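Below you'll find the structure, written out as structure tokens, and then a few comments.
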Number of protein chains: 2
Amino acid sequence: MPHRDASVETIQQEMTAFARRARATAARMHPELSLVSYTLLAHLDDQRGCRATDLAAHYLLDKSTVSRQIAALEKLGFVERRVDPDDQRVQVLHPTEKGAEVLAHVTESRRQAFHERLADWDEADLDRFAMYLRRYNAAQERID
Amino acid sequence: MPHRDASVETIQQEMTAFARRARATAARMHPELSLVSYTLLAHLDDQRGCRATDLAAHYLLDKSTVSRQIAALEKLGFVERRVDPDDQRVQVLHPTEKGAEVLAHVTESRRQAFHERLADWDEADLDRFAMYLRRYNAAQERID
DNA sequence: TCCATTGCGTTGTACTATACAACTACTTCA
DNA sequence: TGAAGTAGTTGTATAGTACAACGCAATGGA
């Protein structure tokens, strides 16, 4: 087997292994915010509010899924809805203060977990790994 | 922000993005074999048979989850059970011929997808990316 | 202006993956 | 030989997801 194929094989295996574990790991670490709701809340925070439809489009989720996720986040008091005065159909979603706090807390704890996992990597390796991941995902997005 | 932190941040973001998408992508590509059942079947093939308990331990799944996954794979005719003559409690699981064929087919099609995604990477980058992923997951496993 | 079409979001329904607990059947060991 | 442990199944509950049908608001062409 050519060397190139072996590398692709490894990448495939490792990405698969990672994907298999990721949600469960995230759920164990942060029972209060699943990987999906974390992502949605982070997006709201990042974008300073957006619509449910935008979330659905961005994350390739059905609008009903987003609707229920948002309903759950609202019930937890993490998200609030503001009806767009220019279009009564539209609800602009924002993290509440509480939501922003929880998000910051989870983000920080995730950040720390990543830092610990990568503690013995030198800066050049980290830099290259980050670059490769970004490149890989960017290529992926064009396909999905 | 130090450069090191920026790299870790990127790694965190990209790994999260990847994890979020992976299952849905896999399901869309291979409706006949979810990411989990693919993994289990591949493990059986790789190990030339093993017990449900081993699968549960290896993939950090509850034994009931594995039991149902295997039942589904058996119903599809992809897995067969052979009671261990030395211990009547134990069922050694094996891919059937049909299961091995489907596995080979899905593996090949996944391999191709990865090859396409990584087509414009040069060999040195592929090699390093594979190494980094392996290193990252190995560190992860010690924590999980 | 009016109605057909489109867009946003919710709800009903169904399915998959998962965990935990209770159970049965078998094995091991003191 | 009986208690404790192990393998696997089943009951039950929950989360996440999709698809279809719906209600309501907006928009645009006749």
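Just so we're clear, the structure is a prediction, and the values are computed from it rather than from any experiment. By convention in this document, chain letters (A, B, ...) are assigned in the order of the sequence lines, proteins followed by strands, and residues within each chain are numbered from 1.
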Consider the side chain of R51(A), meaning its heavy atoms from C-beta on, and name the nucleotide among dG9(C), dG8(D), dC20(C) that approaches it most closely. dG9(C)

What is the distance from NZ of K63(B) to P of dT18(C), rounded to the nearest Å? 17 Å

Using the side-chain heavy atoms of S67(B), tell me which of these nucleotides is nearest: dG16(D), dT17(D), dT9(D). dT9(D)

Against the side chain of R89(B), the closest entry in dA18(D), dA7(D), dT9(D) is dA7(D)

Report yes or no: is there a donor-acceptor pair, N or O only, under 3.5 Å between the side chain of R21(B) and the base of dT17(D)? no

Would you mind telling me which of dA21(C), dC19(D), dA17(C) lies closest to the side-chain atoms of S64(B)? dA21(C)

Please say whether the positively charged group of R110(A), taken as NZ for Lys or CZ for Arg, lies over the ring of Y38(A), i.e. under 6.0 angstrom from the six-membered ring centre and within 45 degrees of the axis. yes

Using a cut-off of 4.0 Å on non-hydrogen atoms, how would the nucleic acid contact of R20(A) be classed: base, sugar-phosphate, or nothing? nothing

Given atom CG of D87(A) and atom P of dT27(D), what is their separation to the nearest angstrom? 6 Å

With the side chain of Q88(A) defined as its heavy atoms from C-beta on, choose the nearest nucleotide among dT10(D), dA26(D), dC19(D). dA26(D)

Sole candidate of M15(A), E14(A), R117(A) that passes side chain to side chain contact (heavy atoms under 4.5 Å, CB included) when paired with N137(B): E14(A)

Check: Y136(A) ring centroid to W121(B) ring centroid under 6.0 Å: no

Rounded to whole Å, CG of D62(B) lies from P of dA13(D) at a distance of 17 Å

Contact class for T53(A) (heavy atom, under 4.0 Å): base, sugar-phosphate, or nothing? sugar-phosphate

Would you mind classifying the nucleic acid contact of V36(A) as base, sugar-phosphate or nothing, using non-hydrogen atoms under 4.0 angstrom? sugar-phosphate

Between Q69(B) (CD) and dA7(D) (P), how many Å, whole number? 20 Å

Any side-chain N or O of R81(A) below 4.0 angstrom from OP1/OP2 of dT10(C)? yes

Pairing donors with acceptors under 3.5 angstrom, does anything connect the side chains of R20(A) and Y59(B)? no

How would you label the contact of I70(B) with the nucleic acid (heavy atoms, under 4.0 Å): base, sugar-phosphate, or nothing? nothing

Atom pair distance, as rounded to whole Å: CZ in R23(A) and P in dA17(C): 12 Å

So, are R82(A) and E80(A) salt-bridged, with charged N and O less than 4.0 Å apart? yes

D86(B) has an atom CG; how far is it from atom C1' of dA7(D), in whole Å? 15 Å

Residue closer to the 5' end of DNA chain D, S34(A) versus L93(B) (nearest nucleotide): L93(B)

To the nearest Å, how far apart are L61(B) CG and dT9(D) C1'? 16 Å

Starting at atom CG of L35(B), determine the distance to atom C1' of dT18(C), rounded to an integer number of angstrom. 14 Å

